[in-house]
Chemist: 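First the structure, then my questions, so here it is.
In listed order, ligands and their atoms are each counted from 1.
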Amino acid sequence: MSKGPQRIRGTQDIWGEEADRFQAVVAAFERIRRLYGFSRVETPVFEATAVFSRSIGETTDVVSKEMYTFEDRGGDSLTLRPEFTAGLCRAFISEGWQQLAPLKVATHGAVFRYERPQKGRYRQFHQLDAEILGSDSPLADVELLVLADQLLKDLGIAEGVTLQLNTLGDAETRDAWRAALVAHFESHRADLSEDSLARLDKNPLRILDSKDPRDRPAADSAPDIDAFLSHDARTFFDKVTAGLDAAGIAWERNARLVRGLDYYRHTAFEFVTDRLGAQGTVLAGGRYDGLVEALGGPHTPAVGWAAGIERLAMLAAAPAPAGIDAAIVPMGEAAESAAIGLVADLRRAGIACDMGYKGNMKKRMQRANASGARFAIILGDDELARGEAAVKNLVSGEQANVPLAGLAEAVRAR
Ligand code: ATP
Ligand code: MG
């Protein structure tokens with residue numbers, strides 16, 4: 001290992017083909033969010049710590065163990081965003097976006113969680129995020145799910161990924177279900193893990209999706225929400241599933257899928273694959289009708305999802321290397337100086353081209369071939385004197401002289 005500075009554990013230097021895949025995921029998301037009329041927003045990488053602790057909830061792993069929290073020089077407690085939703089809800093309140101409701105927004109970027117790094121799990125990772133703020137319609141949930149499905153299909157990774165869907169009901173439903181769950185788990189206290197015993201008081205729903213094998217028998221035999229669904233909650237869920245069916249989206253009911261926080265309502269979902277080992281959730285979200293209010297804003301029903309860009313990129317095929325159209329090969333000093341103008345003109349005309357900073361003709365031709373460029377544009381003093389350049393097709397080996405003014409045209413045409 002070199003003695004120089006090292007990358008911080010859980011962070012990544014993304015380059016080469018991996019960077020291309022990463023960009024392909026972002027580009028697909030950007031294209032599709034426009035098709036669905038989602039506007040792009042940018043929010044800060046850090047917020048007041050309370051923005052996350054109040055909205056994500058003190059009892060979650062994210063807030064209790066995973067946040068990067070620090071005091072700045074002014075003595076304020078700040079936190080690097082562990083997700084986008086909380087900051088977007090804060091912005092909804094502070095920027096007065098209520099007037100724009102229902103507001104469809106999309107963003108992406110780095111998020112930070114202090115987790116144990118492993119494949120598909122980092123301390124700085126990147127998310128795509130799509131949210132609809134200010135709508136209580138099940139059609140909003142459907143639209144977000146159809147968007148997610150189209151993204152996975154566009155990336156060519158929908159194969160082997162399943163949409164798992166659940167409902168967490170409305171407030172009435174949830175209170176009744178929660179009481180039944182607490183009663184059930186109380187009677188299985190002796191079988192539960194320490195983590196789940198702690199959850200029993202604060203966050204009993206979370207026991208349902210515990211990954212600890214000791215919890216599974218009690219979690220699997222716990223009552224489903226179905227018996228407790230109010231008429232409204234049942235109707236809402238039926239509209240979501242009918243919408244998915246109408247859009248031709250396959251889904252599976254997973255009655256054990258939960259989001260722990262009190263303000264989560266109705267729809268909860270995950271797109272899951274078995275191709276990434278333990279890190280199989282690529283995209284997850286749900287409806288969070290009480291979140292904006294929990295942050296001190298007006299009552300604002302909302303729904304959204306986030307997806308890990310790294311996990312999507314691991315599944316996606318590498319895009320064809322972009323490559324350049326032409327390599328410029330000047331022969332001699334006079335030609336080199338003329339080539340500076342020429343390469344600038346070609347790039348302004350939209351031709352991807354490159355010129356090495358030094359080297360003789362032979363070296364430059366070798367590099368042109370290695371670069372994957374389709375053409376070498378060779379500039380010698382004689383050609384320049386005639387106002388021409390030699391254009392060599394590096395695949396076929398054909399070569400022809402072309403007037404300088406027609407170079408961009410010629411490269412494009414061939
Ligand atoms: P997990 O169960 O994998 O910890 P989570 O429930 O914490 O996921 P969310 O908060 O719902 O995940 O985040 C949405 C998505 O972000 C996940 O589905 C996953 O694709 C990605 N993700 C979450 N944590 C990480 C991480 N530490 N490194 C890379 N990607 C992550
Ligand atoms: Mg997590």
Chemist: In terms of ring plane angle, is the pair F269 and F271 parallel, tilted or perpendicular, where the classes change at 30° and 60°?
Modeler: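 Because their plane-to-plane angle is over 60°, the rings of F269 and F271 count as perpendicular.
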Chemist: Quick check: are there more than 12 heavy atoms from other residues, nucleotides or ligands sitting under 6.0 Å from CD1 of I8?
Modeler: no
Chemist: What pairs with R33 under salt bridge (charged side-chain N to carboxylate O under 4.0 Å, His left out), at least two apart in sequence or on another chain?
Modeler: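 Result, salt bridge (charged side-chain N to carboxylate O under 4.0 Å, His left out) vs R33: E30.
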Chemist: In chain order, what residues pass the side-chain contact (heavy atoms from CB on, under 4.5 Å) check against S210, with sequence neighbours excluded?
Modeler: S196, R199, D212, D215
Chemist: Is there any ring-ring contact (aromatic ring centres under 6.0 Å, His included) pair reaching into residues 71-107, and which pairs are they, with sequence neighbours excluded?
Modeler: none
Chemist: List, ordered by chain and residue number, the protein residues whose closest non-hydrogen atom lies under 4.0 Å from any atom of ligand 1.
Modeler: R113, E115, G120, R121, Y122, F125, Q127, K211, R259, T281, V282, L283, A284, A306, G308, R311
Chemist: Please work out whether the ring planes of F22 and H126 are parallel, tilted or perpendicular, with thresholds of 30° and 60°.
Modeler: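 Answer is perpendicular, since the angle exceeds 60°.
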